[in-house]
Amino acid sequence: MKTQWIGDVLSGSLNQKEVHLKGWIHRSRGSNAIRFVVLRDSTGTLQCVVKRDKVGDASFEEVASALIESSLEIKGTAIPTDREHGYEIQVTEAKVVGPVDPSNPFPITESAMEEADGGETEFLLDNRHLYLRTGRMTTMLKIRSSVFGAIHSFFRDRDFIEYQAPNFVAGAVEGGSTLFEVPYFGRKAYLTQSWQLYAEAAMPALERLYTIAPSFRAEKSRTRRHLTEFWHAEMEIAWADNNDVMDHGEALVRHIARTLLTERPAELESLGRDLEVIRRFADSDYPRIRYDEAVERLKSKGVEIEWGQDLDYSKEKILTADFDVPHFLTHYPKVAKPFYHRQDPDNQDYVLCHDLLAPEGYGEIIGGGERTWSESEILKRIDDEGTPRDPYEFYIDIRRYGGVPHGGFGLGVDRVCAWLAGADHIRETIPFPRDSRRVTP
RNA sequence: GCCGACAUAGCUUAGUUGGUGGAGCGGCGGACUGUUAAUCCGCAGGUCGCAGGUUCGAGUCCUGCUGUCGGCGCCA
């Protein structure tokens with residue numbers, strides 16, 4: 001097994017020590033007597049100096065002829081240097097573990113990445129399984145891991161119970177037009193769009209629950225904010241109102257930003273992120289404005305909008321331009337939202353809901369609110385909407401046995417990753433993105 | 001569902017008013033004892049996405065198809 005990493009050498013803890021490293025050839029150059037191999041592992045890159053008179057002819061030839069992405073095992077001494085990495089390895093033994101066939105060299109070349117410049121060409125998307133090894137993707141995946149970890153620690157520190165809902169479901173959460181249909185032993189089933197309805201069933205048992213799970217939406221969206229399979233962090237909490245739920249969403253997003261500042265500052269900077277901006281997201285309060293106020297703001301900017309209209313992305317963008325931190329929009333008109341949002345008892349035209357919009361044009365990252373929690377209200381809302389009751393019988397049943405005020409939200413984890421990492425496209429944040437035109441590789 | 005672009009070597013691309021498709025990177029061969037995307041010399045590599053059409057002649061013009069990318073709607 002491997003016990004030493006390039007990161008250990010770079011940290012200085014192995015200065016002047018004998019080291020045994022295993023990794024992949026990032027770059028290789030040199031002459032017929034000396035070879036400079038830049039070795040890569042999961043912790044970084046490091047130059048290894050291979051001299052013919054130190055390792056012998058056979059070993060030297062083997063290393064010298066190894067192509068980029070060949071895997072390599074080396075032994076040598078870590079010595080400080082003024083050159084690029086701060087340290088380099090004077091190699092005493094070197095062995096190619098897994099070679100690369102010269103007739104089929106590693107296809108992700110400098111030129112393949114230069115035009116992409118953070119974005120992704122068709123070629124890189126087709127070769128995603130190999131693109132994952134490159135610096136930008138690796139960095140993004142480390143940030144992603146920290147975001148997932150931060151979500152878990154946030155909820156667990158607050159005594160939330162992690163709870164799993166099925167991915168095969170019979171009915172829709174949203175309108176229903178965006179479900180993936182799958183054959184199910186002669187019947188039809190669907191891939192879940194949200195954990196919420198099943199979470200509400202467990203709400204009276206667990207009171208505070210959360211999940212991080214994939215959600216599936218068959219939207220033919222072609223935007224930098226959409227995936228057909230995305231990772232959804234959702235929570236549900238009993239005895240809570242819209243403001244309580246918002247408090248949790250705000251605290252969670254701040255906690256994620258703070259975690260990245262602690263765990264991934266170098267990665268953020270290598271992607272061109274200004275840490276001061278992330279610090280602002282981690283430390284600020286997030287303003288809350290009502291739908292009506294948002295409409296007024298838009299009208300004052302000359303945007304044509306009618307009351308009752310949902311705020312689409314073009315309008316969101318105009319609104320978010322006024323803020324340099326995330327901000328909530330609350331109290332949407334009832335007509336713009338589905339039945340499970342509770343009507344505002346103070347004004348039946350509105351529902352007790354909220355969206356959290358990320359600044360810098362990244363758009364909605366949280367959608368949530370207070371649920372319609374009494375049996376009479378839910379039946380009226382379903383009937384008024386013209387939605388059939390049948391698929392929701394279990395959901396209605398929950399309210400027949402001790403319904404309580406409760407609510408929750410869903411957070412788009414990939415969107416949060418894209419926003420905090422400053423990615424151009426949500427695809428950059430997930431190893432194998434799925435959208436309406438791509439299910440491979 | 002709607003709108004707009006694009007498709008030339010493994011990759012990134014140049015290609016003039018239609019007249020025998022070039023380069024850089026990568027690969028291969030050679031030179032080189034401290035390189036930083038190493039450098040230098042040489043070689044191989046193309047049914048110009050597919051199918052029609054116009055023309056003496058199409059990478060180039062026209063039509064259709066396919067694929068991909070970008071934007072909108074919808075949402076996390």
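Throughout, protein chains are lettered first and strands after them, A, B, ... in sequence-line order, and every chain is numbered starting at 1. Keep in mind the model is a prediction, meaning the values are calculated, not measured. Side chains are part of it too, since the values below use all heavy atoms of this structure and drop only hydrogens, waters and symmetry mates.
The separation between A:Asp101 atom CG and B:G26 atom P is 18 Å, rounded to whole Å. As rounded to whole Å, 9 Å separates atom C1' of B:U36 from atom CZ of A:Phe36. The interatomic distance linking A:Phe216 (CZ) with B:C75 (C1') rounds to 16 Å, in whole Å. As rounded to whole Å, 19 Å separates atom P of B:A76 from atom CG of A:Asp435. Rounded to whole angstrom, the span from the CZ atom of A:Arg83 across to the C1' atom of B:A37 amounts to 17 Å. Following rounding to the nearest Å, A:Arg222 (CZ) and B:A5 (P) show an atom-to-atom distance of 15 Å. One can place CG of A:Asn127 at 15 Å from P of B:U68, the figure rounded to the nearest angstrom. For A:Ile426 and B:C75, the CD1 to P distance is 16 Å, given to the nearest whole Å.
In this structure, A:Ser314 reaches the B:G73 phosphate: one of its side-chain N or O atoms is under 4.0 Å from OP1 or OP2. Close to B:C69, at under 4.0 Å from its OP1 or OP2, lies no side-chain N or O of A:His425. Proximity of A:Arg427 to the phosphate of B:G70: a side-chain N or O atom is located under 4.0 Å from OP1 or OP2. Taking 4.0 angstrom as the limit, A:Asn32 places a side-chain polar atom (N or O) nearer than this to OP1 or OP2 of B:U33.
The residue A:Gln47 sits close to a base: some heavy atom pair falls under 4.0 Å. Residue A:Gly367 is classed as a sugar-phosphate contact, given heavy-atom separations below 4.0 Å to backbone atoms only. A:Ile68 comes within contact range of no nucleotide atom at all, as no heavy-atom separation falls under 4.0 Å. Residue A:Glu229 is out of contact with every strand shown, counting any heavy-atom pair closer than 4.0 Å.
A distance of about 11 Å separates the C1' atoms of B:G45 and B:C28, rounded to the whole Å. Rounded to whole Å, the separation between the P atoms of B:G30 and B:G67 comes to 46 Å. Remark: the separation of the P atoms in B:C75 and B:A38 is 50 Å, to the nearest Å. For the C1' atom pair drawn from B:G4 and B:C11, the interatomic distance equals 27 Å after rounding to whole Å. For B:C50 and B:A58, the C1' atoms lie 16 Å apart once the distance is rounded to whole Å. Between B:G34 and B:G70, the distance separating the two P atoms is 46 Å to the nearest Å. To the nearest whole angstrom, the two C1' atoms, one in B:G57 and one in B:U13, are 27 Å apart. Between B:G24 and B:U63, the distance separating the two C1' atoms is 36 Å to the nearest Å.
Comparing B:C74, B:G27, B:U33 by their nearest atom to the side chain of A:Glu219 picks out B:C74. The side chain of A:Glu122 sits closest to B:G67 out of B:U33, B:G67, B:C72. Distance from the side chain of A:Phe123 is smallest to B:U12 among B:U12, B:G70, B:A76. Of the candidate nucleotides B:C75, B:U33, B:C72, B:C72 has the atom lying nearest to any side-chain atom of A:Lys317. For A:Pro102, the side-chain atoms get nearest to B:G27 when compared with the rest of B:A76, B:G27, B:U33. Distances were taken from every side-chain heavy atom of A:Arg225 (C-beta onward) to each of B:C74, B:U36, B:A76; the shortest belongs to B:C74. Residue A:Ala33 places its side chain closer to B:U33 than to any other of B:U33, B:G34, B:G10. Of all nucleotides listed (B:U35, B:C28, B:G1), B:C28 comes nearest to the side chain of A:Leu67. Here the side chain of A:Lys51 is nearest to one of B:A38, B:A76, B:G34, namely B:G34.
Not one N or O on the side chain of A:Glu93 forms a donor-acceptor pair closer than 3.5 Å with the backbone of A:Ile74.
Scanning both residues, A:Arg381 and A:Pro338, for their nearest heavy atoms gives NH2-O, 3.2 Å. The two residues A:Leu260 and A:Ser146 have their closest heavy-atom pair at CD2-CB, 3.6 Å.
A:Phe180 and A:Phe216 have perpendicular rings, their planes meeting at more than 60° on a 0 to 90° scale where under 30° would count as parallel. Under the 30°/60° scheme for interplanar angles, the aromatic rings of A:Phe339 and A:Tyr392 are found to stand perpendicular.
Judged by distance alone, with hydrogens and angles left aside, A:Ser221 brings a side-chain donor or acceptor within reach of the base of B:C74, the pair sitting under 3.5 Å. No hydrogens or angles were tested; on distance alone, nothing pairs the side chain of A:Glu69 with the base of B:G26 as donor and acceptor under 3.5 Å. Applying the 3.5 Å distance criterion, the base of B:C11 shares a donor-acceptor pair with the side chain of A:Ser111. Evaluation of atom-type donor-acceptor distances gives no pair under 3.5 Å for the side chain of A:Arg224 against the base of B:C69.
A stacked arrangement is assigned to A:Phe230 and the six-membered base ring of B:A76, with a centre-to-centre distance below 5.5 Å and an interplanar angle below 30°.
Look at B:A58: it lacks any Watson-Crick or wobble partner with both distances under 3.5 angstrom. Pair assignment for B:G1 gives B:C72, based on Watson-Crick or G-U wobble hydrogen-bonding distances that are each under 3.5 Å. Base pairing of B:C40: its partner is B:G30, meeting the Watson-Crick or G-U wobble criterion (both donor-acceptor distances under 3.5 Å).
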* Asked: Going through the checks in order, is the ring pair (Phe, Tyr, Trp, His ring centres under 6.0 Å) test met by A:Phe230 and A:His232?
  -> CA-CA 6 Å; A:Phe230 68 97; A:His232 211 172; 4.9 Å; yes
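Each of A:Ser28 and A:Ser103 lies near RNA chain B, and the nucleotide nearest A:Ser103 is the one positioned closer to the 5' end.
For an aromatic pair to be called close, the ring centres must be under 6.0 Å apart, and A:Phe328 with A:His354 satisfies this.
Residues A:Leu67 and A:Ile25 fail the side-chain proximity criterion, which asks for heavy atoms closer than 4.5 Å. A:Ile68 places none of its side-chain heavy atoms less than 4.5 Å from the side chain of A:His26.
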